[in-house]
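Notes follow once the structure below has been shown.
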Amino acid sequence: MKFKFLLMGLFLYSGSLVAQQRESVQKEDFSDDWAALSKYQKENDSLGAPNKGEKRVVFLGSSIFEFWKQKDPQYFNNGSYLDRGISGQISPQLLIRFRQDVLNLKPKAVIILAGSNDLAGNKGHVSNETVMNNIKSMAELARKNRIKVILCKYLPIYEYPWNKNLKGVADQIISLNNEIVSYAKANRFVILDYWTPLVDERNGQKAAYTTDGVHPNLAGYKVMENVTEEAIDKALHRRK
């Protein structure tokens, strides 16, 4: 009888040990992956080098870009436009991802849309200077690697739905956009203006183009696609 109980105990223990091992394999620890490098790692690895004559363009940003592919996947179906947006990310996270999600993909151009989540107070107090320093670092890395730089004037935002206590949002966006434009002109980078076609009388987004005053709806993305194509044409000297 004792032997029987001993066998049962060993069986239960070994089963528990196997279950724990399986659980440890399934729940990989990504707590050190602050910039979410794991999100696009497999997709990047599967791409390989660009084909001869291929002109890849990487879209690097946060939720505006991530939701774009969800709302209008057809726009990215040509295989040369690579969406690398991650919702909620701030500019230092984009900078950390820049090697993996931009440089290693060997694009001809990169579109950098950064700053809104920084200003939204998602991660504390941030100034235009800290945002611009990260944008400059990304632009300089791209230029050194012979990648054309396209810097975006951020979409108009009157207020953040998740942080309505934050005042003067529109003015902050305008101020940051002015600094982005000044830097782009000084360095002969292409400016992609998402502000002008989407802005309303309050310096927020036109209601017809947005879901929440921050993120575009499909109609808004269609407007963005028009100005994006113009910017890419300019950066890559594409003929219409």
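All values below come from the heavy atoms of this structure, side chains included, with hydrogens, waters and symmetry mates left out.
No continuous path of ILVMFWY side-chain contacts below 4.5 Å connects Ile191 to Val227, so the two sit in separate hydrophobic clusters. Cluster annotation: Ile86 and Phe59 are assigned to distinct hydrophobic clusters (Ile/Leu/Val/Met/Phe/Trp/Tyr, side-chain heavy-atom contacts under 4.5 Å, transitive). A continuous path of hydrophobic side-chain contacts links Tyr183 to Ile173 [ILVMFWY only; heavy atoms under 4.5 Å]. When the side chains of ILVMFWY residues are joined at heavy-atom separations under 4.5 Å, either directly or via intervening members, Leu60 and Leu103 end up in a single hydrophobic cluster.
Between Gln41 and Leu37, every side-chain heavy-atom pair lies at or beyond the 4.5 Å cut-off. Counting heavy atoms from C-beta on, the side chains of Ile112 and Phe98 come closer than 4.5 Å. Within the 4.5 Å cutoff, the side chain of Trp195 has heavy atoms near those of the Ile174 side chain. Within the 4.5 Å cutoff, side-chain heavy atoms of Tyr75 are placed close to those of Glu229. Two residues are said to be in side-chain contact when any heavy atoms from C-beta on lie closer than 4.5 Å; Val126 and Ile90 fail this criterion. Side-chain contact between Leu82 and Phe76 is absent, with no heavy-atom pair separated by less than 4.5 Å. You'll find the side chain of Leu119 reaches within 4.5 Å of the side chain of Asn128, heavy atoms only. Taking the side chain as every heavy atom from C-beta outward, Leu192 and Lys153 never approach each other to under 4.5 Å.
A donor-acceptor pair under 3.5 Å links the side-chain atoms of Asn117 to the main chain of Gln89, judged by distance alone. Judged by distance alone, with hydrogens and angles left aside, the side-chain atoms of Gln205 form no donor-acceptor pair with the main-chain N or O of Ile157 at under 3.5 Å.
For the atom pair CG of Leu95 and CG of Leu141, the computed distance is 7.0 Å after rounding to the nearest 0.5 Å. Here CD of Gln93 is found 7.0 Å from CD1 of Ile96. Values are rounded to the nearest 0.5 Å. For the atom pair CG of Asn78 and CZ of Arg56, the computed distance is 11.5 Å after rounding to the nearest 0.5 Å. Here the CZ atom belonging to Arg97 is positioned 13.0 Å from the CG atom belonging to Asn104, to the nearest 0.5 angstrom.
Applying the side-chain contact (heavy atoms from CB on, under 4.5 Å) criterion to Glu159, with sequence neighbours excluded, gives Lys164. Residues meeting the side-chain contact (heavy atoms from CB on, under 4.5 Å) test with Lys108, sequence neighbours left out: Lys55, Leu236. Applying the side-chain hydrogen bond (donor to acceptor under 3.5 Å, both in side chains) test to Asn77 and every residue at least two apart in sequence or in another chain returns Gln74. In terms of the side-chain hydrogen bond (donor to acceptor under 3.5 Å, both in side chains) criterion, Lys106 has no residue partners (sequence neighbours excluded).
A salt bridge links Asp233 with Arg238: at least one charged nitrogen is closer than 4.0 Å to a carboxylate oxygen. Between Arg84 and Glu43 there is a salt bridge, since a side-chain N of the basic residue sits under 4.0 Å from a carboxylate O of the acidic one.
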Worked check of side chain to side chain donor-acceptor pair (under 3.5 Å) between Asn44 and Asp101:
CA-CA 7 Å; Asn44 291 345; Asp101 289 346; 2.8 Å; yes
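Counting only N and O atoms by type, the side chains of Thr130 and Asp118 include no donor and acceptor under 3.5 Å apart. Residues His215 and Ser63 have side chains that bring a donor and an acceptor to within less than 3.5 angstrom of each other. Judged by distance alone, the side chains of Asp193 and Thr196 do bring a donor and an acceptor atom under 3.5 Å apart.
Proximity of the aromatic rings of Tyr194 and Tyr154 is defined here by a centroid distance below 6.0 angstrom, and this criterion is not met.
Atom OH of Tyr158 sits in a sparse spot, with 12 or fewer heavy atoms from other residues, nucleotides or ligands closer than 6.0 Å. Applying the 6.0 Å contact sphere to CD of Gln70 captures more than 12 heavy atoms from other residues, nucleotides or ligands. Counting heavy-atom neighbours within 6.0 Å of Lys206 NZ, excluding the residue itself, gives a total above 12.
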Distance-only criterion, 3.5 Å: show the donor-acceptor pairs between side-chain atoms of residues 217-226 and protein atoms not counting sequence neighbours.
from	atom 1	to	atom 2	distance (Å)
Asn217	OD1	Ala219	N	3.1
Asn217	OD1	Gly220	N	2.8
Asn217	ND2	Ala208	O	3.0
Tyr221	OH	Ile64	O	2.7
Tyr221	OH	Trp68	N	3.3
Lys222	NZ	Asp72	OD2	3.0
Glu225	OE2	Trp68	NE1	3.1

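Sorted by first and then second residue, the side-chain hydrogen bond (donor to acceptor under 3.5 Å, both in side chains) pairs involving residues 131-152 (not counting sequence neighbours) are Ser91-Asn134.
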